[in-house]
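Have a look at the structure below before the remarks.
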Amino acid sequence: MIRQYLENQDPEIYKILKLENERQENSLEMIASENFVSQAVLATYSSTLTNKYAEGYPKKRYYNGCENADLIEELAIERAKKLFNVNFVNVQPHSGAQANAAVFLAFMNANDKFLGMDLSHGGHLTHGSKVNFSGKLYQPIFYGVDPKTERIDFDTLYKLAREYKPKMIIAGFSAYPRILDFAKFKEIAEEVGAILMADIAHIAGLIAATYHPSPVGIADVITTTTHKTLRGPRGGMIMTNNEEIAKKINSAVFPGTQGGPLMHVIAAKAVSFGEALQPSYKDYIKSVIENAKVLAETFLERGIRVVSGGTDNHIVLIDVGSRKLTGALVADELHKIGITANKNTIPFDPNPPTIGSGVRLGSPALTTRGLGITEFKKIANIISDLIENIYDDKKKEKLKQEVQEICRSFPMDRFRLT
Ligand code: DSN
């Protein structure tokens, strides 16, 4: 399809898309927030629904001609409700950041206080970073992890909540390898009269497959992306069990923070929710967790420090600062041998986020590609070898070949449209 319609008309773009296919095929994707969508999701994403403006919600649109858009959005909502066992869903947010912006708009006034996880402890840009709207328009107060266990320090969180009386508490992360105890967050939020927002962007798939406790029925409002462990198209979503909150959220998404919804993306979301409702999706998530565990265990065996001593989810955060290296250097060297991962700060990191003392690794994409425990063990050994021989070009060449061998054994044809 891509070749047929693009090769002659726009060879420049066609060439780059081909290069991207080759990059994905010839490297090991270990960015914890990435995944590979099915051809069905890809095809739906390319549908003519991209032509349609559908501002508003099903049966309450501003333009005519939305009868099919209505059917699509209703199906996406129904499937998401079933998947997460939740009463109300808004499938329109263009991204996780947009979903979070809508929640802020729904509940907070300018300069209101909220509690979020410190970015360097695993939090997210939209949870109060000073360079983001959440830190510029509102007043964030940060909680973090205990320096010894590197797990959320609920005692300090509780103290901060009582001291500052925040309007909202965010339970969520982008680099925390442990289970989130939503009930504990709720206990604290209730005591200080705060709204509890769960941002499950990373763990949505684990929750849908019941491999992580669900915040549904506990958190007042839940935001997520649809493209990480959930394995859908790039996008966002907001959920709640409370009808009043649902109304507020709907107006905060449209017209509050967005215009026309991306109907082709909403259709692709619906397709991916359909896939996640299949029994095979549970098996997939089970393997995602098993593979991440093998990664962490192998690093520990090799004497590489793993933040918090292991993982309960799809993320493994290794501390390369303890090897006198930086996250930026190791991530760049990994890239050169064909492994894609990102530098990351670790709790109490002396380095800024642009350098970081950690590397964040994730199992979702490679598990989708078909890699299992044997390959993840092999990869952890390759990464450990690289860390131990970071300035040895000969060794790195050998590691690069080992990566290529793994890539060749797991072709990517079923994840592309040609
Ligand atoms: N950029 C995403 C991640 O990598 O976790 C979060 O938005």
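In each ligand, atom 1 is the first atom listed, and ligand 1 is the first ligand listed. Along the sequence shown, residues are numbered consecutively beginning with 1. Both backbone and side-chain heavy atoms feed into the values below; hydrogens, waters and symmetry mates do not.
Per-residue contacts place His202 under 4.0 angstrom from the following atoms of ligand 1 (heavy atoms of the residue considered): 3 (C), 5 (O).
The part of Arg360 lying near ligand 1 is the side chain, judged by heavy-atom distances below 4.0 Å.
In this structure, a donor-acceptor pair under 3.5 Å is absent between the side chains of Thr367 and Tyr284. Of the N and O atoms on the side chains of Thr226 and Arg234, not one donor lies less than 3.5 Å from an acceptor on the other residue.
At the shortest separation from atom 1 (N) of ligand 1 among protein heavy atoms lies Ser33 OG, 4.5 Å. For atom 7 (O) of ligand 1, the nearest protein heavy atom (residue, atom name, distance) is His124 NE2, 2.7 Å.
The environment of Lys15 atom NZ is sparse: at most 12 non-hydrogen atoms of other residues, nucleotides or ligands sit within 6.0 angstrom.
The aromatic ring centroids of His121 and Phe173 lie 6.0 Å or more from each other. Ring centers of Phe114 and Phe107: at least 6.0 Å apart, outside the cut-off.
Distance check on atom 5 (O) of ligand 1: some protein heavy atom falls below the 4.0 Å cut-off.
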